[in-house]
Amino acid sequence: MPVKKLEVTQRWTNQEIAALLYRIADILEIQGEIVFKTVAYRRAADAIEHLNRDIRDIWQNDPKNLRSISGVGEAIADKIDELLRTGELKYYKKISKDIPVGIFDIMKIPDVGPKTVARLWQEMKITSVDKLEKAARAGKLRTVKGFGAKTEEKILAGIDAQRRKKSSTRVPIGTAYPFAQNVVSELRVACGDLIRDIAPAGSLRRMKQTIGDLDILVSADLPDHPKIIDAFVKLPQVQDINAKGPTKASIIAVNGLQIDLRVLEPKNWGTALQYFTGSKEHNIAVRQIALSQGLSLSEWCFTTVKGENEIFTPTEQETYEKLGLQWIPPELREANGELEAAREKNLPRLVELSNLKGDLQMHSNWSDGSFTIEQMAEAARARGWKYIAITDHSQGLGIARGLTPERLKQQWAEIDALNKKWKDFVVLKSIEMEIHADGSLDFPDDILAQFDLVLVSTHSALKQTREKITARVVKALQNPYVDIFAHPTGRLIGTREESALDLEQVFRVAKETGTILEIDSAPERLDLDDVRVRRAHDLGIPIVIDSDAHSPAGFDALFFGVAMARRGWLEAKDVLNTLEWKELKRRLKRNKK
DNA sequence: GCCGTTTTCGGCCCGACTGTTTTCAGTCG
């Protein structure tokens, strides 16, 4: 992620541009530039980092277009324009010329920021982590005013921790969520009536796809606070205690996840839950809105800027309403337009799990699933669904016992027989068909035409170049019998990067051809992710949320797929498997004229 | 450097914590 491409004239990605802007902010801060200027660069960097499309698509060779990005004004727009046109930035070259590169590594050490780094450099000529370590070990840092023995210790510990690289592993939501539920319920049991209210906050509550650490919030009467902290640090999930005070404790759990618990009084609940849910950017914007109304907002309460009056809002709803805003679902709190919508009382009515009427990707024991079609169907019926599509793998995926045309016929006979059993439920004949490396498909059109619907996906040759894999997928989507493109990027969270697929182009083709895109809910996939869902939604591309279940228990994953959809601002009407099959059938491109 | 249902100039989120300080600066979330 660091700025590495400065000398090369080539494609700059959003992430790289953001990294460059962050670095400019760091340099300016080291140089003692006014803090608001550095804040401005960081804000622009953050916005670009979280854009839901390639910045080039916004830019289109005109710097003015870049100013539609929040936090990007004339000066930064011109700099990005120069970068995209020429591949380099004179301003950056100029300000970075005299900065030793090692400085940026020093700044990665916890508790060492730009001010500290500047003093180390200017007063002690320390320009690398190695030099810093030597000086700290020799006790030389404490000779400088403002540095003491503890600072030396902290720096050495920080360097050590960084070398062991133990931090910064984020946990997938599919793992973190049930874990958090367990911790919450055990704490409830341990504390009984002492707990008035309890909720996980932070990125878990916002349902981000991965979680850095877990924030749990408890409200209780003041005298009970220490008892709750004590009970918390004694939970069986606790491995190490980092910090333990009267209202706050921080622990490392047995699975390596850090859990921060905060206990407060019921009157603070509304502001505290709002604050600890985040995101940081959302909170900054919320506090700005408060200020514009003469109110200062903290996690404790509102304060009138003039009169020093404290105003408590015991619920989150009241906290937002105090600012003239609709209550905002946590999934939307990313400073991505939700505050404007909340002010206009125009927030989307987000899709819910209970809106789904069926599931369009799952596997049976005909390929790599472990249950019969009937077992999957009965489990689906028990959930109140009206239809499922059986999408076993096609022959191209031999490793998963992919179906040949002959076995397919046997499977269809089984499905036909099953469908006589139910009046209000139907098993659809489908397939998860492999798109071969050259873009050809596993079955000829005359077979594809006989399915109720067809999913395609890629499992092999995922390392193809951007051009190759994009052409391969585009070719498949242009087939009139290909209805759904499943888990488009092929990523496996924490294990496999997504393919180089040009999603903007895929989205364009999907829109043109009427191909549906999938959110695969398997917790290790979550593909499309939230950001891509939002983009697809903006382009008006229909979405389905599928479980990709290999057993009835696998249906539970839909909860996480729905979370991605919600983070992508989808309403029920944007998700095609909220429709009855009769209606959904009409929306498939194979059935359109 | 950015930005505007009180401002095109004059502001810019807030508090906890830490370590070093005789009252505060830096970092973090």
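Every heavy atom of this structure was used, including side-chain atoms; hydrogens, water molecules and symmetry mates were not. We name chains A, B, ... by the order of the sequence lines, and we start the count at 1 in each one.
With rounding to whole Å, A/E281 atom CD is found 13 Å from B/dG29 atom P. Rounded to whole angstrom, the span from the CD atom of A/E310 across to the P atom of B/dG15 amounts to 10 Å. Rounding to whole angstrom units, CD1 of residue A/I34 and P of B/dG1 are separated by 9 Å. The separation between A/R287 atom CZ and B/dG11 atom P is 21 Å, rounded to whole Å. The distance from atom CG of A/D111 to atom C1' of B/dG29 is 12 Å, rounded to the nearest whole Å. Rounding to whole angstrom units, NZ of residue A/K248 and P of B/dG29 are separated by 10 Å. Distance CD (A/E340) to C1' (B/dT5): 14 Å, rounded to an integer number of Å. Atom pair A/E123:CD and B/dG26:P shows a separation of 11 Å (rounding to whole Å applied).
Of all non-hydrogen atoms in A/K208 and A/E334, the two that sit nearest each other are CG-OE2, 4.1 Å.
Taking only side-chain nitrogens and oxygens, A/T38 never comes nearer than 4.0 Å to OP1 or OP2 of B/dG1. OP1 or OP2 of B/dC13 lies within a sub-4.0 Å distance of a side-chain N or O belonging to A/R43. OP1 and OP2 of B/dC13 both lie 4.0 Å or more from every side-chain N or O belonging to A/S296.
Relative to the side chain of A/Q288, the nucleotides B/dC12, B/dG1, B/dT20 differ in distance, and B/dC12 lies closest. The nucleotide whose nearest atom lies closest to any side-chain atom of A/K154 is, among B/dC28, B/dT18, B/dC13, B/dT18. When distances are taken from the side chain of A/K150 to each of B/dC2, B/dT20, B/dA16, the shortest belongs to B/dT20. Relative to the side chain of A/I76, the nucleotides B/dC17, B/dC2, B/dC14 differ in distance, and B/dC2 lies closest. Across B/dG26, B/dC14, B/dA16, the shortest atom-to-atom separation from the side chain of A/W300 is found for B/dA16. Comparing B/dG15, B/dG1, B/dC13 against the side chain of A/K79 picks out B/dG1 as the nearest.
The backbone N or O of A/G270 sits less than 3.5 Å from a side-chain atom of A/T319, completing a donor-acceptor pair. Judged by distance alone, the side chain of A/T86 and the main-chain N or O of A/L83 form no donor-acceptor pair under 3.5 Å. Using modelled atom types, no side-chain atom of A/E281 and backbone atom of A/A335 make a donor-acceptor pair closer than 3.5 Å.
With both ends at atom C1', the span from B/dC14 to B/dT6 equals 23 Å, rounded to whole Å. Annotation: B/dG11 and B/dA16 have their P atoms spaced 25 Å apart (nearest Å). Between B/dT7 and B/dC12, the distance separating the two C1' atoms is 13 Å to the nearest Å. Atom P of B/dG10 sits at a distance of 37 Å from the matching atom of B/dC17, rounded to the whole Å. Going from the C1' atom of B/dG15 to that of B/dT8 covers 32 Å, rounded to whole Å. A distance of about 25 Å separates the C1' atoms of B/dT22 and B/dC28, rounded to the whole Å. Nucleotides B/dG1 and B/dT5, compared at atom C1', are 24 Å apart to the nearest Å. Nucleotides B/dC2 and B/dC13, compared at atom C1', are 16 Å apart to the nearest Å.
In this structure, A/L28 and A/L297 both approach DNA chain B, and ranking their closest nucleotides by distance from the 5' end singles out A/L28. Residue order along DNA chain B, read from the 5' end via each residue's closest nucleotide, puts A/G71 first among A/P110 and A/G71.
A/D221 has a carboxylate O that lies under 4.0 Å from a charged side-chain N of A/R196, or vice versa, which qualifies the two as a salt bridge.
Within the 4.0 angstrom heavy-atom criterion, only backbone atoms of the sugar-phosphate kind lie near A/V112; the bases stay farther away. At a threshold of 4.0 angstrom between heavy atoms, the contacts of A/A149 are confined to the sugar-phosphate backbone, with no base atom among them. A/F276 comes within contact range of no nucleotide atom at all, as no heavy-atom separation falls under 4.0 Å.
The ring of A/F559 has its center closer than 6.0 angstrom to the ring center of A/Y177.
Figure legend. B/dC2 is base-paired to B/dG11; pairs are counted as Watson-Crick or G-U wobble with both atom distances under 3.5 Å.
In the displayed structure, A/E74 atom CD is contacted under 6.0 Å by at most 12 heavy atoms of other residues, nucleotides or ligands.
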